[in-house]
Structure formats: C-alpha cells, structure tokens
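What follows is one structure encoded as structure tokens, with my remarks underneath.
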Amino acid sequence: MPSEFELIRRHFTRPVSHTVLGVGDDAALMRLRPGMQLVASTDMLVEGVHFTAGTDAGDLGWKSLAVNLSDLAAMAAEPRWALLALAIPAPEERWLAAFSEGLFRCAQRYSVDVAGGDTTRGPLTIAVTVFGEVPAGQALRREGARPGDDVWVSGRPGTAALGLAASSGRIALDAQARSRSLGALQRPQPRVELGLALRDLASAAIDVSDGLVADLGHIAERSAVCAELHDDWLPWAELATLTPDTELARQCLLAGGDDYELVFTAAPRHRDALLALSATAGVALTRIGVIRAHPAGCVALLDAAGRDLPIRARGWDHFGAQRR
Ligand code: ADP
Ligand code: MG
C-alpha cells in the first residue's frame, strides 16, 4: 500500500503557476498582488449529507472545488489558490486518480493553484478552502441592495434540482432532459467571469446554493429590504422544455439549490449594460424582481396582477426543517 506521502505526490501535486511555495512543505506561501484584498471561503462535502455513496469520483472532484469558486464569484473575487482537506475510508488508487482528475480539471479551467491540503483516514469528507483576490473595496456583499434596484439571476436556476429529483428516482425524464439536468447537478459551472464583470454593476450578490428564495432572503435580511419577485418574469421557459410537471418546475426554480447561479441586485440604469454583458459572456441574465423598502428581510412573490402568491418551499437548511 502506498504511503500517505506517496499518495499526495501521485495525486495532488501538480505544477503551480502563481504560488511561491506549494505542496510539500509545512505550509504554502502565496504573494498577493499590490492593491488586492484576500478573499477566503471554505465548503465541505460529506458523504451521505451532500452526496450519496457511489457518486462518481471525478464529478466529486470537480464539484468540491466548483462550489467554493462559486462563493468567490459571488464576492466578485478572482480565484487564485485552493487547499484540499480530504478524509477517505481507504487509499483507493482508482478513486483518487478519478477524483484528482476532476478536481484539477476545474482548477485549470479557473486558473487555481492547489497549494496544499491534508489527507487522513475517515468517513469520506472533502473540505476545500479557496482564496481569491479583489481590488481593495470592490468586493460584492449581501448588504448593498437598495430600494428601487432590480433583482437579477444568471443561467437557468432549477435545472440541477431537477437532476437531483431524476437521479434519486423521484421523477422520470427523457434522455436529453436527464443528461442536461444531471450535468448541471454534477458539474456546476461557477459564474466566476460574471462575478468579476458585476464589480461595477451590482449592488449586492449571492450564489444560489440552498435555493433561490432562501438565498435571496439573505440579501433581503442583510440589506434590510424586501425582495419582490415577479412570477411571470422568472425564467420558466427552459425548465418547461425539460419537464411537463409545472408544480415540480416551481419547486425546482424557487427552492432548488445546487445550481450555483448568481442572484444579484443592480440599479435600473445598468439594465442595458447587463443585457450586453449577458450576450458577450454567453450567460443568460434575467430580471426577476425589484427591491422595495418594506418589510425589511422579506422575499415576496407576486403574480402578473400584483397579488401575493404563497411560496411553499424556500430552500435548504441543514439544521432547520430541511425543505422550508
Ligand atoms: P503536515 O504533517 O506538516 O501537516 P502533511 O504530511 O499533512 O504535512 O502534508 C504534506 C504536504 O502535502 C503539505 O504541503 C500539505 O499541504 C500537502 N498535502 C497534504 N494532503 C494534501 C492534499 N490532499 N492535497 C494537496 N496537498 C496536500
Ligand atoms: Mg497536515
């Protein structure tokens, strides 16, 4: 059986491009570029909680980094480094090779140096810490939304939740819808380039990991405003091509997590710039609501006639009543 150090050398040591000292010493050394602030975030994936036993190792490798980069994107930070803390039940070479292949594919796509980590025996747990840079004072926060701002969402939220429903056998999809939605679930694309472009346009941002309504609720709370969603502005069209079940589509879009799209607010004067950005970046951007002053901390859903619609499921809460 290979030693711990041999496993690290074989699977987790790759050339770095912007790290002073990477894997192999007691700690990594990085140099920040002048004028930049360090942005740090960490996210854990635990078998049986975030993914089921038997999940493809390459997908896990990709996703464990991608979900962290999504947090950097939501702060408008440029990804730079990652640390990987890994607990594995046994040093299974085939699993490690596939996992690191997925991880480094994501690292390469987003120009991230894997600069170190820790490897131990234990129940399968993957904890990635990422570091990014943002010019001082330019990070996007949850607290910047102002009354009168528009609410926008990127991409096709709900697609990954549909994939989760399909993979757990709760629903049947045709082959094309299945592969589209499973792709969104297994290989989420963090909106890094979009996040950078939003530095000059957005007033607040968050990535959707727990559900659109739940995560927009965090912006509403931190900004002390009310986010008013307009049901008929939401991007239903794409989901409708994947499933005829409109109730399921509603659940997925409003409460489904795992898409790692960005929800953000921006002043109306930026509408044209955002639509132009959508075209050049090749990412759908949909204006889905407006920010009101009252009641602070709320998310409301209105129908086309302006009447309040009930929001049956808001999103995921690990320690709450699960689907809220
Ligand atoms: P220490 O005992 O000093 O913490 P380790 O033996 O845990 O050192 O790690 C040796 C080197 O390998 C360190 O540079 C560490 O950052 C790196 N490393 C350990 N595990 C991983 C991993 N899973 N991925 C990337 N680097 C790792
Ligand atoms: Mg260690």
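Each ligand, and each atom within it, is numbered from 1 in the order the structure gives. By convention here, the first residue in the shown sequence is residue 1.
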Subject >> Min side-chain heavy-atom separation Arg109-Phe104 under 4.5 Å >> reply: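 When only atoms from C-beta onward are counted, Phe104 and Arg109 do not touch, as no gap falls below 4.5 Å.
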**OP:** Pull out every atom of ligand 1 sitting under 4.0 Å from any heavy atom of Gly24, numbered as shown with elements.
**Re:**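 Every atom of ligand 1 under 4.0 Å from some heavy atom of Gly24: 11 (C), 13 (C), 14 (O).
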Subject >> Proximal atoms of ligand 1 relative to Ile8 (non-hydrogen, under 4.0 Å) >> reply: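 That gives atoms 12 (O), 18 (N), 19 (C), 20 (N), 27 (C) of ligand 1.
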Selected option - heavy-atom contact closest to [atom], from [options]:
atom	options	value
atom 26 (N) of ligand 1	Ala115, Gly116, Ala28	Gly116
atom 3 (O) of ligand 1	Asp25, Thr13, Asp26, Val114	Asp26
atom 12 (O) of ligand 1	Leu96, Ile126, Val23	Val23
atom 16 (O) of ligand 1	Gly22, Ala87, Gly117	Gly117

With a 4.0 Å cut-off, would you call [X] and [Y] a salt bridge?
X	Y	answer
Arg142	Glu221	no
Arg156	Glu261	no
Lys63	Asp59	no

**OP:** First locate atom CG of Leu198, then atom CG of Leu140, and finally report the distance between them rounded to the nearest 0.5 Å.
**Re:**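 Output value for this atom pair is 6.5 Å.
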Original post:
What residues, two or more places apart in sequence or in another chain, satisfy ring pair (Phe, Tyr, Trp, His ring centres under 6.0 Å) together with Trp233?
Top reply: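 Listed in chain order: His230.
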Original post:
Hey, is Leu83 touching ligand 1 through its side chain, its backbone, both or neither, going by heavy atoms under 4.0 Å?
Top reply: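 None of Leu83 does.
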Original post:
How does Thr119 reach ligand 1, by side chain, by backbone, by both or by neither, if only non-hydrogen atoms under 4.0 Å count?
Top reply: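 Contact part for Thr119 vs ligand 1: both backbone and side chain.
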For residues 17-26, dump all side-chain donor-acceptor pairs below 3.5 Å to protein atoms at least two apart in sequence or in another chain.
residue	atom	partner	partner atom	Å
His18	NE2	Arg80	O	2.7
Thr19	OG1	Trp81	NE1	3.1
Thr19	OG1	Asp113	OD2	2.6

Subject >> 4.0 Å heavy-atom contact, Glu4 with ligand 1 >> reply: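 Yes, Glu4 has heavy atoms under 4.0 Å from ligand 1.
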